[in-house]
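Notes to accompany the following structure.
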Amino acid sequence: MADLPKTPLLDELESGPFPSFVSEIKRAAEKNDMSKDLLGQLEQSYREKIGHWKHGGIVGVMGYGGGVIGRYSDLPKEWPNISHFHTMRINHPSGWFYTSKSLREICNIWEKHGSGLTNMHGSTGDIILLGTTTDHLEPVFEELGKIDFDIGGSGSDLRTPSCCCGQARCEWACYDTMALTYDLTMHYQDELHRPAFPYKFKFKMSGCPNDCVASIARSDMSIIGTWRDSIQIDQDAVREYADKGMDIRSDVIGNCPAKCMDFDGKELHIENSYCVRCMHCINVMPKALRPGKDKGATVLLGSKAPIVEGAMLSSVLIPFWKLEPPYSDLKEIVDNIWDVWCEDGKARERVGEFIQRVGLGNFLDAIGLEPVAEMVAHPRENPYVFYEDYFEEGDEEEEEKG
Amino acid sequence: MAKTAEEIADAMFALVKDSFGVKKLKPGDLIKAMKELYGDEADKKLCKEAIKLLVNSGRCVYTYFGGSFLEIPHKEGAAND
Ligand code: SF4
Ligand code: SF4
């Protein structure tokens with residue numbers, strides 16, 4: 001067994017009930033010196049309460065501008081095996097479906113060329129391979145290419161698109177999230193590998209408003225499945241829920257945010273024109289209720305985590321699109337948004353912040369989209385109200401005089 | 001006569017080289033500069049093609065320091081041997 005550094009502080013992180021990353025690093029350290037030195041440096045960081053990583057901004061693979069995050073130890077003499085410890089982001093398959101064979105192949109490549117440590121998956125969705133040296137980057141890239149994996153996005157580029165498992169496993173999916181994710185990934189290869197934006201741009205696809213990939217909070221463009229007709233109701237199944245003890249009035253109707261449901265003990269009635277497609281009733285009574293038949297997606301824009309400015313949620317841009325291949329309408333609007341944002345966006349300004357700065361009206365004008373009433377930040381709040389059309393020239397002056 | 005991707009790449013390279021150590025240039029900055037220099041002769045597609053030529057030939061590399069830039073290859077300060 002490898003002679004591991006003493007790590008009394010890190011050992012405490014193994015004492016709780018949950019799996020510990022320290023245990024995993026120790027396991028990897030038994031056959032990999034990078035992981036061994038990683039334990040040592042991390043313990044030192046905990047002891048000194050100071051991080052010992054330096055950012056490397058140049059490393060990458062030939063021709064690509066993203067996907068490799070450079071890291072160097074600032075204690076290369078003490079911990080020579082992690083003098084370089086670069087991270088590689090690898091484009092995950094849509095919906096994170098793997099064969100065990102492909103996972104083994106990835107791990108074999110990484111044990112040969114890196115620390116053997118992985119993070120499945122990073123918050124963008126990529127496979128994260130942690131810790132390698134500059135001279136191993138190209139060989140990893142080449143070997144991953146042979147098993148049909150490519151590097152993902154990082155920096156000011158399109159980040160690796162990601163989606164929920166959609167129609168592959170989930171009966172609520174209102175469009176094929178995996179097909180769209182794959183299509184966008186292939187269509188926008190240039191934007192993914194060659195950073196040319198003011199800052200990062202993320203697509204996340206969720207098949208229904210349950211939004212299992214949290215696209216509304218974590219992606220610049222959130223594409224969320226929905227329907228525009230009526231929720232499908234199986235009244236026998238509703239009664240069965242009631243007979244088996246479900247308190248439909250309290251647990252379903254009482255929690256409907258639109259207050260658009262009614263149950264007389266026999267029949268469930270939904271006033272669909274008021275329904276905000278929140279999925280609550282469907283989640284509670286999955287055997288009795290289903291999304292409608294006229295399915296598609298809502299396209300929202302602008303969310304981001306707090307980095308330069310505070311956190312933002314996406315707001316509605318396109319209330320409903322059928323979203324079928326080849327997705328030309330979607331690509332056209334995306335290209336328009338990128339053109340406007342690239343032209344006038346400031347460095348490190350996400351598209352949501354850009355919209356706030358230039359104003360929604362100007363932004364819609366620039367991308368060639370007519371404002372419609374359904375463009376809402378959230379139900380019952382419409383940020384796209386413009387007053388120009390209601391005032392004639394001179395109105396303001398008259399008002400002031402009055 | 002319309003510019004070729006090679007000509008645009010050369011003009012971009014000259015800018016990157018001249019500003020090395022003074023100002024980091026983003027790909028977007030280079031595209032805007034080419035538009036100013038050549039007007040409609042340097043459309044976005046051609047500029048992107050030129051950037052691809054610069055990077056694939058190794059004359060320029062992408063770097064990341066809070067944002068992505070194009071620079072001439074050099075050893076970075078943080079790098080260990
Ligand atoms: S977001 Fe909706 S469709 Fe996608 S996995 Fe979750 S519940 Fe299913
Ligand atoms: S989906 Fe939500 S808003 Fe619509 S009826 Fe069900 S609980 Fe009410």
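Throughout, a chain's letter reflects where its sequence line sits, starting with A, and its residues are numbered from 1. Given the structure is predicted, the values throughout are model-derived calculations rather than measurements.
Distance check: B:S68 OG to A:R348 CZ gives 10.5 Å after rounding to the nearest 0.5 Å. Distance CZ/A:R194 to CG/B:L54: 12.0 Å, rounded to 0.5 Å. We find the CD-NZ distance between A:E343 and B:K44 to be 8.0 Å, quoted to the nearest 0.5 Å. With rounding to the nearest 0.5 angstrom, the CG atom of B:N80 is 12.0 Å from the OG1 atom of A:T133. Note that the NE2 atom of A:H55 and the CD atom of B:E76 stand 7.0 Å from one another [nearest 0.5 Å]. Atoms OH and OG, from B:Y62 and A:S156 in turn, are 11.0 Å apart once rounded to the nearest 0.5 Å.
Atom NZ of A:K331 has more than 12 neighbouring heavy atoms from other residues, nucleotides or ligands inside a 6.0 Å radius. Within a 6.0 Å radius of CG in A:D135, more than 12 heavy atoms belonging to other residues, nucleotides or ligands are found. Other residues, nucleotides and ligands place no more than 12 heavy atoms under 6.0 Å from the OH atom of A:Y182. Around atom CD of A:E142, no more than 12 heavy atoms belonging to other residues, nucleotides or ligands sit under 6.0 Å away.
Comparing B:G67, B:P27, B:G28, B:A79 by how many heavy-atom pairs each has under 4.5 Å with chain A, the most go to B:A79. Of the listed residues (A:G70, A:S154, A:G345, A:P76), the one with the most heavy-atom contacts under 4.5 Å to chain B is A:P76. Chain A forms more heavy-atom pairs under 4.5 Å with one residue of B:K75, B:H74, B:E71, B:K26 than with any other, namely B:H74. Here A:P195 is the residue among A:G65, A:P195, A:G63, A:S83 with the most heavy-atom pairs under 4.5 Å with chain B.
For A:D157, no part lies under 4.5 angstrom from a heavy atom of chain B.
Closest non-hydrogen pair, A:D190 versus B:K52, comes out as OD1-CD, 4.5 Å.
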